[in-house]
Every structure is written in structure tokens, then in C-alpha cells.
There are 2 protein chains.
Amino acid sequence: MTGPCVVYVIDDDSSVRAALDDLLASVGIRVLTFDSTTAFLAHGMEDAPGCLVLDVRMPGQSGIDFHRRMAGLGIALPVVFITGHGDITMGVDAIKHGAIEFLTKPFNDQTLLDAIQNGIGKDRDRRRAVAESEMVRARWASLSAGEQEVARLVVQGLLNKQIASVLDVSEITVKVRRAQAMRKMDARTLPDLVRLTGKLDLDGLS
Amino acid sequence: MTGPCVVYVIDDDSSVRAALDDLLASVGIRVLTFDSTTAFLAHGMEDAPGCLVLDVRMPGQSGIDFHRRMAGLGIALPVVFITGHGDITMGVDAIKHGAIEFLTKPFNDQTLLDAIQNGIGKDRDRRRAVAESEMVRARWASLSAGEQEVARLVVQGLLNKQIASVLDVSEITVKVRRAQAMRKMDARTLPDLVRLTGKLDLDGLS
DNA sequence: GCCGAAAATATACCAAAGTATAATATTTCT
DNA sequence: AGAAATATTATACTTTGGTATATTTTCGGC
């Protein structure tokens with residue numbers, strides 16, 4: 001495997017949990033099983049790329065309901081549904097809401113493994129993107145208000161002279177803030193700064 | 001409606017075609033119906049945002065097969081499937097391959113209309129993005145080889161002096177090419193050029 | 001080989017950007 | 001209020017970027 005990863009299995013049927021535990025352990029993937037969404041939430045998530053195998057139909061909160069609430073709970077884990085009794089609309093809607101797969105029992109073991117690997121890969125990519133975005137965001141937050149203003153106008157293509165006029169400060173102040181912004185953003189060149197701020201959506205951050 | 005648009009309906013059942021024709025005409029959407037994918041291909045597509053309503057099961061090429069071949073045929077139209085006899089896997093796979101909806105008869109008229117409007121909106125967005133990308137690409141193609149080289153290095157953050165050294169030309173030549181590149185790309189400032197070329201993937205274009 | 005067009009280069013100049021030092025103003029904390 | 005920290009501004013200088021004009025070079029076609 002390329003690095004550590006975890007598969008969370010939520011199914012009320014203990015025989016299913018045991019079977020999936022065996023299957024995944026046999027290919028060397030770390031597995032955590034739960035008999036309900038509540039139990040999963042109580043345990044929490046590990047800090048590693050992962051994938052959630054979710055039973056559609058369960059006592060208490062159904063897998064479908066849980067899937068819908070995941071975003072609100074801040075859980076971005078890719079989901080692979082498994083079910084004994086599903087209908088077309090349910091499967092279609094699940095995929096439309098972003099699920100990786102919707103498998104009906106009995107399903108082929110390899111099909112499930114492929115879906116899980118796919119999900120783990122997607123989660124790995126997502127985590128990388130989030131980490132990068134967070135780093136840029138943290139750097140941006142380290143700029144003073146004045147430095148952010150200058151940086152924003154610099155990236156818009158204004159000259160130092162124009163920025164000084166817009167902000168009603170001296171051109172020297174603009175140069176100081178600009179240099180400071182470059183240092184804090186860890187941008188060696190102006191194109192670097194443009195690319196970094198491009199990941200920020202400066203309109204939304206003012 | 002926000003601008004012109006077309007809905008293509010492909011279904012071998014003439015009563016379905018007539019019903020959809022009525023339904024869509026009643027809300028003021030232009031409709032073209034076909035009894036097979038072949039007939040649709042023979043007619044060709046209009047130059048307007050659109051959506052394809054596709055029967056899953058047809059004599060000759062099935063809707064599912066056609067959907068898979070659309071990318072290869074250069075058809076990016078959003079697809080809404082309708083079917084009388086489908087199974088979960090078929091619906092799930094269709095959505096996974098990018099279909100907007102997978103509806104089983106009998107379906108609610110409003111559900112279909114919503115899906116179609118959704119598809120048209122997506123196609124409109126896609127067409128806009130493609131048009132913008134094409135414009136940038138055309139501008140880039142208007143640069144001479146030397147101008148492209150200079151522009152690429154400029155965007156990487158190199159100084160004119162460094163670019164001259166890398167390309168083994170004089171710094172004055174770099175300045176001329178650089179100015180010419182800015183003019184041809186219609187970039188008023190360096191940040192503009194960075195953003196424009198960012199849409200190009202310069203690695204792939206050499 | 002000669003010619004015309006396009007590209008490259010040289011020269012000269014000005015505006016803009018980057019940097020360092022120091023002085024002044026402002027804010028913040030005690 | 002007073003002191004320390006921070007921000008702003010001024011001055012001076014260097015490097016870089018942008019532009020215009022003129023000259024030279026290069027290259028394809030006749």
C-alpha cells in the first residue's frame with residue numbers, strides 16, 4: 001500500500017462486519033468496524049486517508065441519512081454503499097450525492113476492493129489539496145490588514161504608485177508592505193504571488 | 001428561458017417521443033426527437049446549450065452504449081436517461097459516467113423537467129468555459145515560438161536578464177518578445193499574463 | 001548571388017521596483 | 001503619562017522593466 005490508510009465499516013449485521021474485516025485485513029488494509037453510525041461518530045476518525053463502507057439499511061440512522069448529514073458534520077470521507085435491498089432511485093441518488101459505489105449483495109469481493117481503493121485514492125488527493133489550501137490560507141492570515149490590501153492590489157496589476165493613491169499612503173509604505181507580503185507568503189516572484197493568491201478567492205476574504 | 005436551448009430526445013417508442021415533445025413544448029423549450037442514435041447523429045447538433053434525453057433500451061445501439069461512446073464522438077451533451085426496465089447497477093453506472101439523471105417510468109413530469117433544466121445549465125456553463133479556453137488558446141497560438149518561450153519563462157518568474165541567458169539571446173530581444181507577447185495575449189499587466197497562461201497548461205504545449 | 005521581410009541587436013532614455021538607513025508618527029501596554 | 005513596539009515616511013541608491021529609434025543579421029524566395 002502507498003502509505004497508511006483506514007477503512008471504516010458501518011453495518012448492523014455482525015456477520016457482514018466479520019466478513020469485511022477478514023477481506024480487508026487479507027489485503028493489508030487497516031479496518032475499523034461499527035454496528036451503527038452513532039458508534040462510528042463516538043470513535044471518531046483517524047488522521048489518515050480513508051474510506052467509509054456504509055450499509056444502506058440499519059436500525060437507527062440509515063446509511064442514506066448519514067451520508068446526507070456527513071457534510072454538515074465535517075466528514076468528507078468517500079462512501080461505498082452496500083445493501084441487500086435497494087432500489088434504482090436510491091442508488092442513483094447516492095451516486096449523485098457523491099458516493100463512490102452502490103453495491104447490492106451479493107457483490108464481488110474484488111469490486112468492493114476496487115471501489116475502496118478508489119475512495120482512498122480520492123481521499124488522499126482531497127487531503128493533499130486541503131493541506132495545501134490551508135497552508136496558503138495560514139500564510140495569508142499572517143499578513144497585516146495593510147499588507148493584505150497592498151497584496152490584493154498588486155495581484156490586480158496596479159503599480160505601486162497607483163496603490164499608494166488608492167490607499168492614500170506614501171509609495172514607500174506600499175513598497176514596505178509589498179516586500180513584507182512577499183516574504184510572509186513565501187513568494188519569490190510576482191507570478192508566484194499571483195498563483196498563491198489565486199487559490200484564495202480574495203473577494204471572499206476581503 | 002435564459003436564451004435559446006435545445007433538448008434532443010432519442011427513444012424508439014413514438015408515443016414517448018410525442019409525450020415528451022408535448023411536455024417540453026408546453027414550457028417553451030425547443031425539442032428535436034429521434035427514433036435512434038443513428039438518426040440523431042445524422043441530424044447533428046445545433047450550436048446552442050442543450051440536453052439529451054436518452055432511452056436506455058432501444059433496438060440497434062442502446063442508450064447506455066451510446067452514452068459510453070459520446071466522448072469519443074466529441075459530444076459533451078448532458079444526458080438524462082429514461083427507462084422502463086432498468087436495474088440498480090445500470091443506473092448507478094450511468095450516473096458514475098456523468099449522466100444527470102436516471103429516471104424509471106413512470107416518472108414525474110416535473111422531475112424530468114428539473115433534470116433537463118439542470119443539464120442545460122451545466123451545458124451552458126461548459127460551453128462558456130470552453131469558449132474562454134479556446135480564446136486564450138488562440139491568442140497563445142498567435143505567438144511566435146520565441147515569444148512563447150519568453151512568455152513561459154516570464155510567467156515562471158525569471159528576470160529578463162536570466163531569460164536572455166537561458167535562451168542565449170540578448171536582453172533587448174527578450175524585451176521585444178516579451179512586449180509582443182503581452183500585446184498578442186491582450187494582457188495589460190504581468191498578473192494578467194500569469195492568469196491567462198494558467199488556463200493553458202504550458203507543460204503540455206511545450 | 002540578390003532582395004525584401006522579419007528577427008535580432010545596439011543605443012539611449014525614462015519609469016518602476018527593490019533595498020537600506022534613518023527619522024518620524026502611531027499604537028499599545030504598563 | 002511614559003516607554004516600547006510598530007507603522008509610516010523620507011532620502012538615497014541600484015536594479016529591472018518598458019519604449020523608441022536605428023542598425024545589423026538572418027532567412028526564404030527569385
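Here is how names work: the chains are called A, B, and so on, in the same order as the sequence lines, proteins then strands, and each is numbered from 1.
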Atom [atom1] of [X] to atom [atom2] of [N]: distance rounded to whole Å?
{"X": "B/Arg183", "N": "D/dG17", "atom1": "CZ", "atom2": "P", "value": "17 Å"}
{"X": "B/Ile172", "N": "D/dT24", "atom1": "CD1", "atom2": "P", "value": "15 Å"}
{"X": "B/Glu147", "N": "C/dA6", "atom1": "CD", "atom2": "P", "value": "13 Å"}
{"X": "A/Lys175", "N": "D/dC13", "atom1": "NZ", "atom2": "C1'", "value": "10 Å"}
{"X": "B/Glu171", "N": "C/dA10", "atom1": "CD", "atom2": "P", "value": "11 Å"}

Is any side-chain N or O of [X] closer than 4.0 Å to OP1 or OP2 of [N]?
{"X": "A/Ser170", "N": "D/dT9", "result": "yes"}
{"X": "A/Lys161", "N": "C/dA15", "result": "no"}
{"X": "B/Asn160", "N": "D/dT16", "result": "no"}
{"X": "B/Arg177", "N": "C/dA8", "result": "yes"}

Inset, instruction - Please say which of A/Arg177, A/Arg183, A/Arg178 ends up in a side chain to side chain donor-acceptor pair (under 3.5 Å) with A/Gln180. - result: A/Arg183

Inset, instruction - Name the nucleic acid region contacted by A/Val169, choosing base, sugar-phosphate or nothing; use a 4.0 angstrom heavy-atom cut-off, strictly under. - result: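 A/Val169: backbone/sugar contact only, no base atoms under 4.0 Å.
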
Inset, instruction - For the residue pair B/Phe102 and B/Phe81, categorise the inter-ring angle as parallel (less than 30°), tilted (30 to 60°) or perpendicular (more than 60°). - result: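 If you compare the ring of B/Phe102 with that of B/Phe81, the planes turn out tilted.
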
Legend entry - Residues B/Asp125, B/Lys122: salt bridge by 4.0 Å N-O rule: no

Inset, instruction - Verify the neighbour count for atom CG of B/Asp47: are there more than 12 heavy atoms of other residues, nucleotides or ligands below 6.0 Å? - result: no

